[in-house]
Amino acid sequence: MAGLVPGAAGATSRGVPMGQRWQRVAAAAGLLSPSGDPQPTIFAQMSALANATGAINLGQGFPDTDGPDEVKDLVKRAIDDGRNQYPPATGVPALREAIAEHQGRRYGLALDPATQVIVSAGATEAIAAAVIALVEPGDEVITFEPYYDSYPAVIAMASGVHVAVPLTLRPARADEPGTDGALRFAIDFAALERAATARSRVLLLNSPHNPTGMVLTPDELMRLADFAARHDLLVITDEVYEHLVFGAAKHLPIASLPGMFERTLTVSSAGKTMSFTGWKVGWVTGPADLVGAVQTVRQFTTFAGGAPFQPAIAWGLGRDEFPAALAASLEHRRDVLSAGLQEAGFSVIEPDGTYFIVADGAPLGFADGDELARSLPALAGVAAIPVSALCRPGDSDGPFRSLLRFTFVKDETTIDEAVNRLIAARLGGRRR
Ligand code: PMP
Ligand code: GLN
């Protein structure tokens with residue numbers, strides 16, 4: 001991100017000595033200013049900018065419509081029924097059983113809810129605890145780039161080394177949405193192979209992928225499984241958008257491939273599946289030894305939480321109708337936003353899943369996505385996330401520099417209004 005580089009020596013503007021762990025965490029996430037002061041995450045920064053300017057917030061990914069009333073009613077009842085003290089540290093049995101049932105029904109994974117499932121404070125805590133539990137100082141953790149913002153931060157917490165392998169672009173196939181010449185994100189397997197070393201320890205995957213919306217195909221997953229086995233890697237897989245896939249795309253957990261269960265921790269969350277991102281109920285599943293290692297750390301990061309939410313989510317997880325309806329409506333909203341962004345002059349890279357679409361500001365004359373994202377609320381009354389904030393800090397010539405991420409998890413009227421504003425702003429004309 002422009003102007004934000006890892007601090008090295010001296011003291012911050014508030015007199016705090018540099019070089020402490022929290023600063024390395026901020027620096028790894030591109031959030032440490034040259035003076036050593038930390039910034040909040042890009043999602044928090046852009047939501048604050050949207051609020052301050054009255055811009056339509058297509059930045060931070062959260063739905064503007066809550067999940068099902070039945071689930072909310074169950075929470076209210078649970079509070080009234082006295083479910084207000086610490087739940088068991090691994091999660092209430094009903095939710096652990098519902099998670100095991102969900103993984104069995106959808107993916108054929110047979111899990112013991114007593115030893116192979118734990119509930120966490122969102123996917124964020126599960127990923128952090130897994131990385132802290134299993135990464136030794138100097139161990140390399142491979143992710144693709146762009147990546148979700150918490151990954152480099154938690155790798156730094158564990159004193160691991162983040163190895164980011166840039167995604168590549170390929171031409172869209174005839175059966176994929178988009179116009180002639182449309183591009184799609186894909187894995188660069190040659191670059192992945194070059195990234196592996198004797199210190200490689202963890203492959204941290206995310207599919208469906210934030211920010212690109214890429215959904216790994218069975219063929220790609222098989223190649224990744226082969227890669228993990230050959231290099232004897234643990235796999236931590238972030239599948240929070242598992243239900244939110246479009247068209248012919250299907251979500252397949254890598255843990256369900258032959259030989260992969262024993263080396264894989266699978267993370268998900270009710271935030272995206274049930275549209276309750278503020279409840280922060282997530283989970284991690286896998287073989288008992290790995291899950292036990294995560295729990296050893298996790299019992300000291302929150303111990304437990306979300307007592308009244310857990311039984312309600314257990315009920316909701318058994319009902320695939322809700323996420324299925326959400327995915328269908330999101331697919332339509334993707335199409336509306338995609339068409340609108342193109343009308344406003346962006347080129348887009350169509351997603352197969354998630355809440356997000358990536359748009360390129362270069363055709364409008366904006367080579368620097370960070371600069372465009374920070375000025376877009378003033379220029380057009382719309383907020384978005386610069387993809388460069390989800391890439392290695394300081395890589396100002398990276399291939400993703402001119403890209404912005406827009407969310408379509410907003411009601412259609414809001415998306416229409418954002419599109420109208422982007423078109424009316426005549427962004428291309430401003431640079432000519
Ligand atoms: N991983 C990815 C890819 C995400 O987009 C998010 C944001 N929802 C999370 C993890 C965090 O999930 P939670 O809110 O359940 O902690
Ligand atoms: N997952 C959300 C996004 O990608 C943000 C969550 C957060 O703000 N930490 O927009």
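Of the inter-residue distances, the one linking Leu341 atom CG with Ile415 atom CD1 reads 9.5 Å to the nearest 0.5 angstrom. Taking CD1 from Ile127 and CG from Leu204, the interatomic distance works out to 6.5 Å, rounded to the nearest 0.5 Å.
Ion pairing between a basic and an acidic side chain is recognised when a charged N comes within 4.0 Å of a carboxylate O; Glu140 and Arg201 show no such pairing. Using a cutoff of 4.0 Å between basic side-chain nitrogens and carboxylate oxygens, Asp320 and Arg106 are scored as salt-bridged. The pair Asp232-Arg263 counts as a salt bridge, with a side-chain nitrogen and a carboxylate oxygen less than 4.0 angstrom apart. Ionic pairing of Arg96 and Glu101 is not present here: no N-O contact between side-chain nitrogen and carboxylate oxygen is shorter than 4.0 angstrom.
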Sequence neighbours left out, cut at 3.5 Å: what donor-acceptor pairs do the side chains of residues 130-139 make with other protein atoms?
unit_1	atom_1	unit_2	atom_2	d
Asp139	OD1	Arg199	NH2	3.1
Asp139	OD2	Glu136	N	2.9

Can you give me every donor-acceptor pair (side chain of residues 162-171, partner residue at least two apart or in another chain, under 3.5 Å) with its distance?
unit_1	atom_1	unit_2	atom_2	d
His162	NE2	Thr143	OG1	2.7
Arg170	NH1	Glu176	OE1	3.1
Arg170	NH2	Glu176	OE2	2.9

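Of the N and O atoms on the side chains of Gln342 and Ser338, at least one donor lies less than 3.5 Å from an acceptor on the other residue. A donor-acceptor contact under 3.5 angstrom links the side chains of Asn57 and Ser47, judged on distance only. Residues Ser402 and Asp360 have side chains that bring a donor and an acceptor to within less than 3.5 angstrom of each other. A side-chain donor-acceptor contact under 3.5 Å links Ser268 and Glu242. Between the side chains of Thr212 and Arg184, not a single donor N or O lies within less than 3.5 Å of an accepting N or O. A side-chain N or O of Glu193 and one of His231 form a donor-acceptor pair less than 3.5 Å apart. Side-chain contact annotation: Gln60 with Thr407, donor-acceptor N/O pair under 3.5 Å absent. Looking at Asp238 and Tyr151, their side chains do bring a donor and an acceptor atom within 3.5 Å of each other. Under the 3.5 Å distance criterion, with hydrogens and angles disregarded, a donor-acceptor pair is assigned to the side chains of Ser35 and Asp37. Thr217 and Lys250 are not linked by any side-chain donor-acceptor pair at a separation below 3.5 angstrom, with hydrogens and angles left out of the test.
Less than 6.0 angstrom separates the ring centroid of His251 from the ring centroid of Tyr107. For Phe408 and Tyr355, the distance between ring centers is not under 6.0 angstrom.
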Practice problem: Go through the steps to decide whether Glu412 and Arg333 satisfy the test salt bridge (Lys or Arg N to Asp or Glu O under 4.0 Å), and finish with yes or no. | Solution: CA-CA 7 Å; Glu412 216 175 309; Arg333 288 181 272 170; over 6 Å; no
Practice problem: Evaluate the criterion side chain to side chain donor-acceptor pair (under 3.5 Å) for residue pair Thr301 and Glu125; output intermediate values, then yes/no. | Solution: CA-CA 8 Å; Thr301 50; Glu125 187 196 29; 2.6 Å; yes
Practice problem: May I have the step-by-step check of side chain to side chain contact (heavy atoms under 4.5 Å, CB included) for His243 and Phe322, ending in yes or no? | Solution: CA-CA 10 Å; His243 286 268; Phe322 174 70; over 6 Å; no
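Applying the side-chain contact (heavy atoms from CB on, under 4.5 Å) test to Ala378 and every residue at least two apart in sequence or in another chain returns nothing.
Screening Ile99, Val92, Leu95 for a side-chain contact (heavy atoms from CB on, under 4.5 Å) with Ile313, the sole residue that qualifies is Leu95.
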